[in-house]
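All values derive from a computational prediction rather than experimental measurement. Whatever order the structure lists ligands and atoms in, that order sets their numbers, starting from 1.
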Amino acid sequence: MENYRELFDGIDNTVDLTNGMAVIPINFDNGATTPPLKSVVKTIMDNIGNYGPISRGTGQKGDICTKKVEESRNIILDFFNLKNNNTHTVIFTKNTTEALNLLANTLINNKKDKVLISRMEHHANDLPWRNVSDVVYIDTDEFGRVKLDDIEEKLIKNKGEIKYVSITAASNVTGYLNPIYDIAKLCHKHGAKIIVDGAQVIAHKAIDMNGTEAEEQIDFLVFSAHKAYAPFGSGAIVGLKEDLVNREPFLKGGGCVEGVFDRYEIWKCPPDLFEAGTQNFFGIIAMAKALEDLKEIGLGNIYRHEMEIKDYIIKEMKKMNRVRMYGDIDNTEDRLGVITFNADGFDYEYLAKKMAYDFGIALRCGKFCAHPYVYRLMGVEDISAYIDVTSQEENIGMIRASLALYNTKEEANKFLNSLEYILVNG
Ligand code: PMP
């Protein structure tokens, strides 16, 4: 098994447990955010003291930064195998949430336009569409997988009315990978375009936006840097130019406009049209560096490594009587390194916190900003039974372990042993 730990600084710094013992922490909460690669930190440090205005001014520092930003766009296009296409552009955003809000407010002109999204989506790919369009939902099955048949049925039933299907490449709750190329084909067959939320997937599995044939092309893809080994604050839309021209910008201000007159404006073309205001230069170059390095390590290698650990954890957790894992645990091929579970007789929050404070293992617990999906997976129809009458707090949730390339089998064993210890000793 590969060991990628040397690519990172700081992940072996100790933390103090509640009993005062110092341990090297285990981070199994990579679905939330990932630590930065050493090379990414170096890129930021090398540039932090020496920057100038991007796409403005005539100074040399500004010119260098502008060039680096444009190179970053090319690195991103290359990462998604679009280097030789002239079809897509890269728009920088602050994260996936902003990217999806931008698309929802830009691509939809009429509240009656229908958008197809799944019941699996993170709120970032659900709530923005609700305000601006008539949302049609794709159902999930008993395990939480998206139903491909249902997509085609709904595309046929709403032919001509659904212009966009916006779907995640992988669930942040169960890790299920959606068949985005098959979905793209269905979209194109029925006159729609596909928007892929790549937040969970880009650091774990390669995405070829060209697909293997023209009908499989991914029209739009959005992602955040902080889930791909670069810091918070940057993300991007890789999107079809033809759908982004002649639009009003989502954010308005300097840089997005060719001319402003007393009564009208002449807008620029994308990407400038959607990048009003001073851009996050360090975030952009850090994000590009992370993607460049992930490509060099090889997404295939990363995927294999994470799958090996995930399959091992699931195999071992199946032996724990009190544990209930979500999703189809007898067939885990179509899932990222994400294991979501509860334990009979244990409050999810208590268990997750005990793992953190007594054993130094970081997990995530709750509803993962995907409430409708979690309620369905847990079979909750009426949440009122779970609301505390005094505090009005709701007590429904799961625990999630989510892996990254630097995690190891030893960490998996420590996780399993700690979980077992708590299940036995309380
Ligand atoms: N989509 C998915 C699938 C996610 O997992 C997340 C983050 N948990 C988001 C969107 C939102 O990402 P961000 O907070 O970086 O905007």
message: Check the orientation of H226 and F232. Use parallel for under 30°, tilted for 30 to 60°, and perpendicular for over 60°.
response: tilted
What short N/O contacts, under 3.5 Å, does ligand 1 make with the protein, listed by atom pair and distance?
residue	atom	partner	partner atom	Å
ligand 1	1 (N)	D197	OD1	3.4
ligand 1	1 (N)	D197	OD2	2.5
ligand 1	5 (O)	Q200	NE2	2.6
ligand 1	8 (N)	H122	NE2	3.3
ligand 1	8 (N)	K227	NZ	2.7
ligand 1	15 (O)	S224	OG	2.6
ligand 1	15 (O)	H226	NE2	2.7
ligand 1	16 (O)	T96	N	3.3
ligand 1	16 (O)	T97	N	2.9
ligand 1	16 (O)	T97	OG1	2.6

Solution key, residues 363-374 side-chain donor-acceptor pairs under 3.5 Å, sequence neighbours excluded:
residue	atom	partner	partner atom	Å
K367	NZ	E394	OE2	2.8
Y373	OH	G144	O	2.6
Y373	OH	T174	OG1	2.8

field: Derivation of the ring pair (Phe, Tyr, Trp, His ring centres under 6.0 Å) call for Y176 and F143
entry: CA-CA 10 Å; Y176 272 130; F143 292 119; 7.8 Å; no
Single hit among D139, L177, D328 for side-chain contact (heavy atoms from CB on, under 4.5 Å) with R145: D328
- request: Would you confirm whether the ring centroid of Y229 sits within less than 6.0 angstrom of the ring centroid of Y4?
  value: no
- request: If the plane angle is over 60° it's perpendicular, under 30° parallel, otherwise tilted; pick one for F282 and Y51.
  value: perpendicular
